[in-house]
Amino acid sequence: MKILIVGAGIVGFNLAQELSHEGHDISIIDENAERIKTISEKLDVLAVHGNGCIPSTLLKAQIRGADMVISVTDKDEINLMVCFLGQKFGIPKRFARLRNVELTGASKVFSPQELFVDYAINPGEIVVDSLLKIIKTPSSINVAEFAGGHILLRGFEVSEEAPLVGKTIKEIRSVSEMNSFMVVALVRDGHLRVPKFEDTIQPKDKAYIVIDNEFLPLALPMFNKKVDEIHKVIMFGANPISINLAQELHKFIQDVSIIEPNHDQATTAAESLENTVILHGNGTDPDLFNDINMKDADLFLALSDNDEMNILSALLAKKHGAKRAAVLTSDPDYLPILDSIGMDISINPRLITVSAILKHLRKGEVLNVHKLAEGEAEVLEIVVHPKSSAVGKRINQLRMPTEAIIGAIVRKGEMIVPAGATELEAEDTVILTTLPHCLEKVGKIFSQKTGLFS
């Protein structure tokens, strides 16, 4: 597939890197000469320095004949203009990252499609949705949903007193009441691995499971014996994400506060939120933390637009007694550091945007894609094609890569926790976790012989 990307920031670079490795013909445009130089040196793509809103620049990037244009600059106006020009050039699929909720939310005047955008991705909306699901699942650190919400992916940090500590994956599977979920990834010392039968669950591991939504309440105590409900939330940063989140949180949590250093932003937030306490102050002020009883906070959310301030404020919040802390960081390079310094939850809007776009770029059999926060693995929801080589075979006959694992099979609306002898049928939905270098092989197993990539 021939794809044009406009915007060579973190999202654009990651998309170009991943899609070029998958064999797509990629061209990318950016006004920043340094970014274009870096991409030219690191990736086998056509990198063009210029303004993506100028038709002549688009022609240099070989827009004619492109199958898709993806605009992920930092400005909504540019992304809309690129999609408009893409429509004029006859590009069949047009993606835009749109951050303003007025362009994507319920109050929008025009739908994205009326603005020539086939697929609009609003990272802020996805972040709010993810945080709400994390908050509603006590002790969780990562969330995703598959099969229309019937199958859940949940990540947990394993507590020292958790019943699963010291047990191998094989032992967990052998106990009937634990056969309602599958551990599909383990993160230990910042390194993600697809678990083997002999792997042992250890305290402080981050365990990702796939589970039927009905069984989730039964699984929670297995990873953290004491499941704490959330009653008090403190946020740092008054921006659209925190304001929208606060509006949703007040439906089930009474005590919600936001700290904001900028007076004008604090005033704007106070005008938008009747029931939220807005505090004009610094996210690293120990006196302020004492005044608002940070020691009673069940969750501290650092959601400002400054990565470094988010990390520092979350560290100090934990030092002052906050039970758990979440950090919003735009730079994926911070994710391993956050894990090593004990942050409970990390949210990366860039990875969220990449995941949202990727699920549209796989072939028709792929219904959903979720990148784990560590960025090293993908969780895929795939329909088994009737003509694939997997139909009629047992799982132990599939020759799956060692760094890929099937976590669940959905058949006629029911979840099956797979075993080696489980036989696959046409139109089964498979939820699997894989490392990037296994994607091509996994695709050939489940699709119509040509893999997952168009």
Side-chain angles (χ1 to χ4, degrees), residues 128-188 192 195 199-233 245 248-249 251-253 255 296-301 318 322-326 339 342-347 370 372-374 379 405 407-408 410 414-418 431 433:
V128 170
D129 184 61
S130 297
L131 284 170
L132 285 170
K133 288 170 182 170
I134 288 172
I135 291 168
K136 290 177 180 179
T137 309
S139 303
S140 66
I141 57 172
N142 201 324
V143 297
E145 295 184 354
F146 302 94
H150 178 49
I151 307 300
L152 308 178
L153 173 81
R154 292 294 186 265
F156 301 94
E157 182 167 325
V158 181
S159 66
E160 293 187 5
E161 64 276 5
L164 294 186
V165 168
K167 289 185 168 56
T168 65
I169 300 297
K170 185 176 182 180
E171 287 171 334
I172 293 170
R173 292 296 311 280
S174 66
V175 179
S176 59
E177 57 264 29
M178 293 185 185
N179 200 28
S180 59
F181 65 87
M182 175 83 85
V183 180
V184 295
L186 285 174
V187 181
R188 186 174 299 160
L192 185 146
D199 285 332
T200 303
I201 302 291
Q202 296 181 10
K204 303 296 183 184
D205 280 352
K206 290 183 179 179
Y208 289 89
I209 67 169
V210 172
I211 187 169
D212 188 297
N213 60 359
E214 293 183 3
F215 292 106
L216 181 61
L218 301 176
L220 295 179
M222 296 182 187
F223 295 91
N224 194 329
K225 202 168 186 179
K226 184 182 178 183
V227 178
D228 296 318
E229 295 290 336
I230 294 175
H231 301 288
K232 181 182 177 74
V233 175
L245 180 59
E248 294 298 320
L249 286 178
K251 295 176 182 178
F252 58 96
I253 294 175
D255 194 345
D296 297 328
D298 299 300
L299 181 62
F300 179 85
L301 302 171
K318 295 231 10 171
K323 294 182 181 69
R324 303 177 76 211
D339 186 62
M343 284 299 103
D344 302 290
I345 302 162
S346 54
I347 302 286
H370 178 74
L372 296 183
E374 291 74 17
V379 185
I405 185 172
V410 183
E414 297 295 324
M415 173 178 162
I416 300 169
V417 178
I431 316 296
T433 302

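The two residues F300 and A322 have their closest heavy-atom pair at CB-CB, 4.1 Å. Taking both residues in full, the closest heavy atoms of A162 and N224 are given as CB-N, 4.2 Å, listed atom of the first, atom of the second, then distance. The two atoms that bring G407 and P418 nearest to each other are O-CD, 3.6 Å, heavy atoms only. The two residues G149 and N213 have their closest heavy-atom pair at O-ND2, 3.2 Å. Nearest heavy-atom pair across V210 and M415 is O-CE, 3.9 Å. Among all heavy-atom pairs drawn from A408 and I151, the shortest one is CB-CG2, 4.4 Å.
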Apply side-chain contact (heavy atoms from CB on, under 4.5 Å) to K323 and I230, showing your working. CA-CA 10 Å; K323 294 182 181 69; I230 294 175; over 6 Å; no

Using the side-chain contact (heavy atoms from CB on, under 4.5 Å) rule, take F181 and R154 through it: C-alpha gap first, then chi angles, then the decisive distance, then the call. CA-CA 10 Å; F181 65 87; R154 292 294 186 265; over 6 Å; no

Dump the intermediate steps for side-chain contact (heavy atoms from CB on, under 4.5 Å) on E229 and K136, then the final yes or no. CA-CA 8 Å; E229 295 290 336; K136 290 177 180 179; over 6 Å; no

Carefully, step by step, assess V184 and I431 under the rule side-chain contact (heavy atoms from CB on, under 4.5 Å). CA-CA 10 Å; V184 295; I431 316 296; over 6 Å; no

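Separation of atoms CG (L131) and CD1 (I345) is listed at 7.5 Å; rounding is to 0.5 Å. For the atom pair NE2 of H150 and CD of E414, the computed distance is 5.5 Å after rounding to the nearest 0.5 Å. Expressed to the nearest 0.5 Å, how far CD of E248 lies from CG of L132 amounts to 6.0 Å. For the atom pair D296 CG and D255 CG, the distance stands at 8.5 Å (nearest 0.5 Å). Here the CD1 atom belonging to I201 is positioned 12.5 Å from the CE atom belonging to M222, to the nearest 0.5 angstrom. In this structure, CG in L153 is found 11.0 Å from CD1 in I211, a value given to the nearest 0.5 Å.
Side-chain contact between L301 and L245 is present, with heavy atoms from C-beta onward closer than 4.5 Å. Side-chain contact between K318 and D344 is present, with heavy atoms from C-beta onward closer than 4.5 Å. The shortest distance between side-chain heavy atoms of K206 and N142 does not fall below 4.5 Å. Counting only heavy atoms from C-beta outward, the side chains of I134 and I347 approach each other to under 4.5 Å. Inter-residue side-chain proximity for R324 and I141 is flagged as met; some heavy-atom pair is nearer than 4.5 Å. Using a 4.5 Å cut-off on side-chain heavy atoms (C-beta onward), I135 and F252 make contact. When side chains are defined from C-beta on, V187 counts as touching Y208, because their heavy atoms get closer than 4.5 Å. Counting only heavy atoms from C-beta outward, the side chains of F146 and H370 approach each other to under 4.5 Å.
Screening T168, V165, I169 for a side-chain contact (heavy atoms from CB on, under 4.5 Å) involving T200 leaves a single residue, T168.
E214 meets the side-chain hydrogen bond (donor to acceptor under 3.5 Å, both in side chains) test with no other residue; sequence neighbours excluded.
Within a 6.0 Å sphere centred on CD of E161, heavy atoms belonging to other residues, nucleotides or ligands number more than 12.
Taking 4.0 Å as the cut-off between side-chain N and carboxylate O, D298 and K232 do not count as a salt-bridged pair.
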